[in-house]
Every structure is written in structure tokens, then in C-alpha cells.
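Read through the structure below, which is laid out as C-alpha cells, and then see the notes.
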Number of protein chains: 2
Amino acid sequence: MTQEQFSKYSFLLDRTARKVKQYAQQQFKMGEFDITVDQWLVMKNLSENEVLSQTALANLVFKDHPTLTRIIDLLCKKGYVERIPHPQDRRSFHLNLTQSGLQKVSELKPQVSQIREKAWENLNSKDFEEFKRILNTIYANLEQNN
Amino acid sequence: MTQEQFSKYSFLLDRTARKVKQYAQQQFKMGEFDITVDQWLVMKNLSENEVLSQTALANLVFKDHPTLTRIIDLLCKKGYVERIPHPQDRRSFHLNLTQSGLQKVSELKPQVSQIREKAWENLNSKDFEEFKRILNTIYANLEQNN
DNA sequence: CGGATATAGTTGTTATACTAACTATATTTG
DNA sequence: CAAATATAGTTAGTATAACAACTATATCCG
């Protein structure tokens, strides 16, 4: 295989990732979910982990700090999340889903799963495992500490 | 496989696509390439196709018109691309690589290929074919006209 | 021909991504 | 303890992504 051919993966990967996000975002909009796909990822992770700082959450969702700051800002404005001052460390916050945020997560969870399924028509569990393996290998190949 | 498990593909896909772009962008910066990864994609496609309108180019690179307008604006400012008025259709342009743009493409082409290769360490041609097949299937599953 | 419609491209707005620079607070260490 | 350093989070600036609304020009069709 030539270098030239290999190069195409980045185009296909980027194109597909954008399509997946775009499709989900359109469904979110049609269903009047009131949040974006990235905001959903953040809220879901908050719901699955009790006490999280912004740094801990950033590491979970693989977003950088400025990006997460802004997503949290928006979720606070919408009333789904609150920043609770950390009792020992005045630099830090505990992030909390509000009552409204908890309700939103449990309401959207099954709907999001259903939206996500559409991408896997005509594909099976073996494909899924292969896909995960290859994505994770690529990710590991490009990590900084190589 | 549960819905929940399937849902993770979107996270891994997004995470990996971002890492691939980020890694390339860092290499572009280190090499002082003077363009972004998306600008490179546009210039490469211009170099491979003689006469392109913005619409034709947008379809090639799978970006929408506003995004492409802005990328072309930046490439014009940098002197790598020019908009030539279409002789028959006054709404439209022919996009052209300048001399400087052509030189940039031929200078960067091998370097970009080399950067792109790093992702494929520990993976082989069969993986590559599988990966392409799965990405293309997902893309097709989510196209609008379904 | 002339009004309706379609197409090419631009502009505006919001969100995310990334880097860099910054503030405030903790921690380390001489 | 005090200075150096590290960490938590924010702000600023630029680029890309998506959608909606817009201008200008072409085309269609009665």
C-alpha cells in the first residue's frame, strides 16, 4: 500500500465523525432536546460519576479545559449543572447535576441510544469490535508521550 | 450487544478524529507549513482538479458552502489561491492555485503523507480495508436521503 | 417577455477545538 | 517560612462546523 492511499483514512475519519455528530444533532433538534451532542456527553458523564472536578471531567470526556469551561458555562445557564465550591481547594469546583439536569438525563438516555443505533445498520458485533480496536490503536499511536 | 455499548462508538470516533487532526496540526506547526489541516485538504484537491467552482470543491471535500467560503478567503489572503470570475456565470468562480500555492502543495505533499503514516503503526492493510468499509457504511447509514 | 424558482456564493450567529496567556490558589523545597 | 513551582480554572484569539438568512444572477415556464 502506498503512502498516498493510507492518507485517505484521515479524510474518511473526519467526514464520518462529522456526519455522526451532525446526524445526532439534527435528531436532538427535532426532539427539542434543548442541548447539543457535546453537552449531552458532559451531562451523561456527570450522571455516572458522583463528585467530579472540571479537570476530572475533562479527562473523562477527552476535552481540553477551555472547551469544558464553556460547555459547563452553557449547562449552568440552562440550569442543568451547578458549580459547587470545593470545600478544601478554593481553586476547584464540584460539578453537580441539578434536579432538572438529572431529569433531563434520564429522559434523554433511551432516546440518544436509539439515535446512535442507526449508524450500525448493516454492521454486526464483530465489526464493532474491529472498529473499536482500530480506533484505539490509532489514538494510542498518536498520543503525545510517544 | 446492548444499545448502551453501541453508543460508545460515537465517543471513540469523535475522540480519534480529533486526535488525528490535532496531531497533524501540531506537525504542520512544527514544520512551519503556514496552513491548517483543513486548508491543506482544500489545496490538495485544487491541485488534483483543474477547473473547480466553490460548489464543486465543497462536494469533493464534504464541507458546506459557508465553511468553504471562509477557508478560501484565508487561502486567498495567504496568496495560495485566487478566485477567477467564471466567464459565463457571474455568480460563480473558478478557483485556481497560484504559483506559490502550487509550490506549497508539491513541497508539503510528501511531508503530509509521512505525518499521516504514524497513525497506522501496528496496523496492516487488512485493518485499513476494514476501517474504510465500516466508516463508509456508517456514513451511508446516516445520509439524509434515507 | 416576465414572474417564479433555482443556484452560487456570502454573511451572521452559535458551538466546539486548540493554543497561549492569564489569575488565583496550593504545594514543594531550599 | 518564603520563593519557586505546580495546579484549577478562565479569558482571548483563530479556525472549523452547522444552520439560517441573505444577495446576485440564471434558468424555467406560462
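Just so it is clear, the structure is predicted and the values come from calculations on it, not from any experiment.
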A:Glu107 atom CD: more than 12 heavy-atom contacts under 6.0 Å:
yes
Tell me, yes or no, whether the heavy-atom count around B:Gln103 atom CD, taken from other residues, nucleotides or ligands under 6.0 Å, exceeds 12.
no
Answer with base, sugar-phosphate or nothing: what part of the nucleic acid does [X] contact at a heavy-atom distance below 4.0 Å?
X: B:Asp64; value: base
X: B:Thr36; value: sugar-phosphate
X: A:Leu68; value: nothing
X: A:Ile71; value: sugar-phosphate

May I ask you to evaluate whether [X] reaches the phosphate of [N], defined as a side-chain N or O under 4.0 Å from OP1 or OP2?
X: A:Thr67; N: C:dA15; result: no
X: A:Ser92; N: D:dG9; result: yes
X: B:Lys29; N: C:dA20; result: yes
X: A:Gln25; N: C:dT16; result: no
X: A:Thr69; N: D:dT10; result: yes
X: A:Lys63; N: C:dA17; result: yes
X: B:Gln54; N: C:dT7; result: no

Quick one: [X] [atom1] to [N] [atom2], roughly how many Å, whole number?
X: B:Asp73; N: C:dG9; atom1: CG; atom2: P; value: 12 Å
X: A:His86; N: D:dT7; atom1: NE2; atom2: P; value: 15 Å
X: A:Arg15; N: D:dA18; atom1: CZ; atom2: P; value: 13 Å
X: B:Asp34; N: D:dT14; atom1: CG; atom2: P; value: 15 Å
X: A:Asp14; N: C:dT16; atom1: CG; atom2: P; value: 17 Å
X: B:His65; N: C:dT7; atom1: NE2; atom2: C1'; value: 9 Å
X: B:Leu57; N: C:dG9; atom1: CG; atom2: P; value: 10 Å
X: A:Gln22; N: D:dT16; atom1: CD; atom2: C1'; value: 14 Å

Is the charged tip of B:Arg15 near the ring of A:Tyr139: under 6.0 Å from the six-membered ring centre and within 45° of its axis?
yes
Among D:dG9, D:dT11, C:dA15, the one nearest A:Ser53 by side-chain distance
D:dG9
In this structure, CG of B:Asn49 is separated from CG of B:Leu97 (nearest 0.5 Å) by 10.5 Å
Connected via hydrophobic side-chain network under 4.5 Å: A:Phe93 and A:Leu74
no
Assigning hydrophobic clusters by single linkage (Ile, Leu, Val, Met, Phe, Trp, Tyr; side-chain heavy-atom cutoff under 4.5 Å), is A:Val105 placed with A:Ile71?
yes
B:Arg70 or A:Arg70, whichever maps to the more 5' nucleotide of DNA chain D
A:Arg70
Does anything in residues 75-84 of chain B reach DNA chain D, meaning a heavy atom under 4.0 Å, and if so which residues?
none
Check whether the side chain of B:Arg18 and the base of D:dA17 form a donor-acceptor pair under 3.5 Å.
no
In terms of side-chain geometry, is the basic nitrogen of A:Lys132 or A:Glu129 positioned less than 4.0 Å from the acidic oxygen of its partner?
yes
Sidechain N-carboxylate O distance under 4.0 Å for A:Arg83, A:Asp73:
yes
Quick one: do B:Glu121 and B:Lys118 satisfy side chain to side chain contact (heavy atoms under 4.5 Å, CB included)? Show the steps, please.
CA-CA 6 Å; B:Glu121 287 172 1; B:Lys118 173 123 177 97; 3.4 Å; yes
Does the pair B:Lys104 and B:Asp34 meet the rule for a side chain to side chain contact (heavy atoms under 4.5 Å, CB included), with working shown?
CA-CA 9 Å; B:Lys104 180 64 80 171; B:Asp34 184 41; 3.9 Å; yes
Just the table, please: protein N/O against nucleotides 21-25 of chain C N/O, every pair under 3.5 Å.
from   : atom 1 : to      : atom 2 : distance (Å)
C:dT25 : O2     : A:Arg91 : NH1    : 3.3

A:Trp40/A:Phe33 aromatic ring centres below 6.0 Å
no
